[in-house]
Each structure stands twice: as C-alpha cells, then as structure tokens.
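Shown next, in structure tokens, is the structure this report addresses.
What you see is a predicted model, and the numbers here were worked out from it, not measured in a lab.
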Amino acid sequence: QHYFIQSNLSDRMGKEQPATKNEVAMGALSGVCSGYLFKKVSKYAAATAVVGYIVIQGASQAGYIKINWSKVHDTIEDIKEVRLIKDKLSDITDEISELVGDEEDTLILENEGRILATARRAYEAVKQNAATSGSFTAGFIIGILFA
C-alpha cells in the first residue's frame with residue numbers, strides 16, 4: 001500500500017493531472033475522521049476550561065488565592081512596551097527587506113519567517129491538490145456536523 005501511495009504521488013509531482021477517485025475518497029474519509037475527533041476533543045477542552053475557571057474563582061472568593069493586581073498591571077505594561085518595540089523593529093525590517101529565491105513562485109521576503117514560508121508552501125501544495133484538499137475540507141465539515 002505504501003508503494004502505491006509513493007508511486008502515485010511521484011508520478012503526479014509537478015504535473016497537473018485530475019485527481020483520481022481514490023484520492024478524493026481518501027481526502028473525504030480523512031476529513032470526516034479529523035472533523036469528528038476535533039469536535040469531540042474541543043468539547044472536552046471547553047468543559048475543562050470552564051471547570052478550571054469556576055474552581056479558580058471559588059478559591060479566590062474563599063481566600064485561598066490572592067492576586068497582586070499591581071504586579072499584574074506592571075507585567076501588562078511591560079508586555080505593551082515589548083510589543084511596541086517589536087512593531088517598530090518590524091517596520092524597519094520591512095523597509096530594508098529584499099526578495100530571496102530562484103523562482104518567481106517561491107520568492108520569500110527575508111523577514112517573513114518560518115511560519116509564513118511554511119504557510120506559503122502549504123498553499124502551493126493545496127493548490128496542486130485542490131480536489132483532495134476540497135474533499136478533505138468537505139469531509140471535515142461533515143465530521144464536525146455529525147459528531
């Protein structure tokens with residue numbers, strides 16, 4: 001089975017061919033499974049957060065927890081200052097950034113960073129496999145609806 005997937009992918013790399021029924025079906029099936037699990041896990045995560053909040057509020061009201069509000073305020077002010085400095089540095093690096101890369105499709109700004117570069121590569125992969133990505137997305141939504 002692994003050979004089939006590997007050979008099928010390597011045959012299609014760099015070529016624009018229509019997706020096969022198997023690829024669309026696998027995309028839809030994996031989307032349904034992912035959507036179903038996402039919905040189930042997110043319910044438990046939300047319930048845990050609410051219970052944790054209630055427990056913390058109860059402990060605070062009972063006097064077990066004391067919050068040093070002046071320290072919280074100072075920390076927030078420090079965070080605001082750091083963000084302001086980062087924004088100024090980002091503006092400066094935007095002005096002096098240069099384009100890097102060999103092909104027009106894969107040009108990346110120097111200061112884009114790993115996350116944006118990864119997102120750009122993911123977009124290109126999705127664009128090349130639009131039918132499979134579309135069936136995954138549809139399956140994901142169906143999985144969430146029927147969970």
Side-chain angles (χ1 to χ4, degrees), residues 2 5-6 8-10 12-19 22-147:
H2 297 290
I5 293 171
Q6 187 177 6
N8 192 17
L9 288 176
S10 63
R12 293 191 53 206
M13 292 301 252
K15 302 174 187 172
E16 296 209 12
Q17 296 177 349
N22 292 340
E23 291 171 327
V24 173
M26 284 302 294
L29 180 63
S30 61
V32 168
C33 293
S34 297
Y36 182 83
L37 288 173
F38 177 78
K39 179 91 178 238
K40 292 294 183 184
V41 169
S42 63
K43 283 181 186 178
Y44 292 119
T48 302
V50 169
V51 168
Y53 177 76
I54 291 171
V55 168
I56 289 174
Q57 286 298 319
S60 176
Q61 291 295 322
Y64 291 109
I65 297 175
K66 292 217 178 232
I67 298 173
N68 185 350
W69 288 108
S70 62
K71 188 172 182 179
V72 170
H73 179 69
D74 292 344
T75 303
I76 290 173
E77 291 302 318
D78 290 345
I79 290 170
K80 285 181 183 178
E81 186 176 325
V82 168
R83 284 187 181 167
L84 181 66
I85 292 171
K86 283 184 178 180
D87 288 343
K88 287 182 180 180
L89 285 174
S90 177
D91 291 343
I92 292 170
T93 56
D94 283 344
E95 293 175 10
I96 60 172
S97 65
E98 298 176 4
L99 293 173
V100 177
D102 300 52
E103 303 171 8
E104 276 185 38
D105 294 341
T106 59
L107 291 179
I108 308 171
L109 287 176
E110 238 179 82
N111 65 342
E112 240 182 344
R114 287 188 212 166
I115 295 173
L116 289 177
T118 302
R120 187 182 300 270
R121 285 192 295 271
Y123 171 75
E124 291 298 322
V126 167
K127 193 166 80 171
Q128 287 179 353
N129 301 310
T132 307
S133 302
S135 65
F136 175 85
T137 304
F140 188 82
I141 292 170
I142 290 169
I144 288 176
L145 292 175
F146 290 106

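Remark: E81 CD is loosely packed, at most 12 non-hydrogen atoms of other residues, nucleotides or ligands lying under 6.0 Å away.
Scanning all heavy atoms of the two residues, the minimum distance from G35 to I144 falls at O-CG1, 3.5 Å. Between F136 and S30 the shortest heavy-atom distance is CD1-OG, 3.4 Å. In terms of heavy atoms, I65 sits closest to I56 at CD1-O, 4.0 Å.
Here the CD1 atom belonging to I141 is positioned 12.0 Å from the CZ atom belonging to F146, to the nearest 0.5 angstrom. Atoms NE2 and CG, on H73 and D78 in that order, are 10.0 Å from each other to the nearest 0.5 Å. Taking CG of L29 as the reference point, atom CG of N22 lies at 12.0 Å (rounded to 0.5 Å). Here the CZ-NZ distance, from F140 to K39, works out to 10.5 Å after rounding to the nearest 0.5 Å. Atoms CG and CG, from D74 and N68 in turn, are 8.5 Å apart once rounded to the nearest 0.5 Å.
Annotation: side chain of V72 is in contact with side chain of W69 (closest heavy-atom distance under 4.5 Å).
In this structure, E124 does not pair ionically with R121, as no charged nitrogen and carboxylate oxygen lie closer than 4.0 Å.
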